[in-house]
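First up is the structure itself, then whatever we jot down about it.
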Amino acid sequence: MTIPLLDLKAQYRGMKDELDAAWSQVMENASFIGGPKVSEFEAAIARYCGTEHCVACGNGTDALFLIMAGLGIGKGDEVITTPYTFFATVEAIVHVGAMPVFVDIEPDTYNMDITKIEAAITERTKAIMPVHIFGQCVDMDVLAAIAERHGLIVVEDACQAIGATYRGRKAGSMARAAAFSFFPSKNLGCSGDGGCLTTDDDGLAATARKIAAHGSSVKYHHDAFGVNSRLDTLQAAILLAKLPHLDAWNQQRREAAVRYNRLLAEVPDLTLPVARDYGEMVYHLYIVKSAKADEVMAALRAADIGTAAYYPVSLHEQEALIKLPGYQKPSLPIAEGCAGATFALPAFPGITTEQIGSVAAVVRGALGAPPL
Ligand SMILES: *Cc1c(COP(=O)(O)O)cnc(C)c1O
């Protein structure tokens with residue numbers, strides 16, 4: 001039985017009529033940039049996250065960059081972040097001219113270890129960028145208290161966490177600003193690239209919107225140098241059709257996780273994901289850890305089951321950083337120990353009980369656990 005890591009074809013089949021109607025309406029209108037669909041989507045995301053503003057843009061990487069640039073973070077500034085994330089997090093910091101400073105991660109949630117932040121603060125530190133990795137929020141109240149004590153800005157990389165909650169609040173509403181990605185494989189994915197930022201800060205929303213539009217608020221008048229970053233009307237229409245399903249999809253991911261947790265309990269050499277009780281995580285990925293990750297992943301692939309290492313290399317050891325002038329590679333033993341040992345099992349919305357059973361059986365077999 002072929003089981004993909006993520007089944008986007010099944011998702012399309014399940015809502016083909018809705019999606020086809022959404023994009024064919026845009027085709028009929030032949031208006032592809034901006035327009036009411038994009039504004040409607042921005043309003044829907046702001047409402048969903050509970051923020052004053054949402055600014056749509058080209059992708060999650062741009063959203064992070066627009067926030068950094070909009071906040072005026074740049075040369076000479078340091079931004080504290082996690083090494084266990086997708087590379088885009090650190091690109092946004094480097095592209096505005098700032099220096100990323102990595103702190104180690106928690107061994108169970110793989111989120112940035114906030115108890116390590118204070119030791120990393122210097123007189124150059126300007127911001128902290130937590131990433132809600134794999135769909136679980138960082139302990140934001142504790143982080144916010146540290147930031148406040150030191151006068152630092154907090155920016156959430158919420159690209160993997162749309163819909164996740166923390167003490168009743170939504171990811172994307174707990175800092176000065178947050179970035180989301182609508183890359184197809186994210187929990188809310190479009191049919192190409194897309195992203196947005198959310199914020200309660202009127203000035204930042206306006207500045208980010210201007211930077212995304214060539215430094216222009218009034219057409220053909222430019223008071224700054226910006227970039228071209230926008231969400232296509234087609235993507236906005238597709239996302240508007242998908243957004244009402246997001247909570248149900250996230251619930252299905254959690255149910256898949258519960259089932260795996262039961263089927264994989266007490267398997268030797270296997271660490272299951274830990275969900276903190278301060279919120280609801282959305283399992284962007286169901287991540288397990290094993291010293292025998294390579295063997296287990298090979299067994300899964302031999303059984304035609306999708307899997308991948310998240311992440312094979314911790315960012316603080318990436319070649320691009322090593323070559324970055326002024327960068328000093330820290331020693332981060334927890335992240336280094338997780339790199340290559342943590343990997344994803346299929347836990348997409350709509351995965352069947354039978355499919356989960358098959359995946360669990362292969363994992364158990366590869367690690368010498370008795371069949372259930
Ligand atoms: C996907 C992702 C991004 C980048 O989003 P894109 O839309 O691919 O540019 C940034 N940060 C994290 C944590 C991500 O998972």
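What you are looking at is a predicted structure, and each value in this text was computed from that prediction instead of being measured. We count ligands from 1, going down the list as the structure has it; atoms in each ligand are counted the same way.
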message: Using a 3.5 Å cut-off on N or O atoms only, is Lys186 in polar contact with ligand 1?
response: yes
query: Counting heavy atoms only, which of Cys190, Ala88, Cys57, Ser181 is nearest atom 7 (O) of ligand 1?
result: Ser181
Closest protein heavy atom (residue, atom, distance) for atom 9 (O) of ligand 1: Thr61 OG1, 2.5 Å
task: Check whether NZ of the Lys or CZ of the Arg Lys170 lies under 6.0 Å from the centre of the six-membered ring of Tyr48 and within 45 degrees of that ring's axis.
output: yes
query: Between Ser314 and His316, does any side-chain donor sit less than 3.5 Å from a side-chain acceptor?
result: yes
message: Please verify the inter-ring angle class for Tyr311 with Phe134; under 30° counts as parallel, over 60° as perpendicular, anything in between as tilted.
response: parallel
task: List every atom of ligand 1 that sits less than 4.0 Å from any heavy atom of Val131, numbering the atoms from 1 in the order shown and giving each element.
output: 13 (C)
message: Judged on heavy-atom distance to atom 6 (P) of ligand 1, which of Gly194, Pro184, Gly135, Gly60 sits nearest?
response: Gly60
- prompt: Near Thr89, which atoms of ligand 1 are under 4.0 Å from a heavy atom of that residue?
  reply: 11 (N)
- request: Would you mind checking which non-hydrogen protein atom is closest to atom 11 (N) of ligand 1, with the distance to 0.1 Å?
  value: Asp157 OD2, 2.8 Å
query: So with a 6.0 Å cut-off around CZ of Arg301, is the heavy-atom count from everything else above 12?
result: yes
message: For Asn59, which part has a heavy atom under 4.0 Å from ligand 1: side chain, backbone, both, or neither?
response: both
query: Of the non-hydrogen atoms in Gly50 and Ser173, which two are nearest, and what is the gap between them?
result: O-CB, 4.2 Å
- prompt: Is there a ring pair (Phe, Tyr, Trp, His ring centres under 6.0 Å) between Phe183 and Phe86 once you walk through the steps?
  reply: CA-CA 13 Å; Phe183 185 80; Phe86 180 58; 8.1 Å; no
message: Please report whether ligand 1 has a polar contact with Thr85, defined as an N or O pair separated by less than 3.5 Å (distance criterion only).
response: no
query: Are any of the N/O atoms in Cys159 less than 3.5 Å from those in ligand 1?
result: no
Asp141 vs Tyr166, side-chain contact (heavy atoms from CB on, under 4.5 Å): CA-CA, chis, key distance, verdict: CA-CA 9 Å; Asp141 282 348; Tyr166 171 82; 3.2 Å; yes
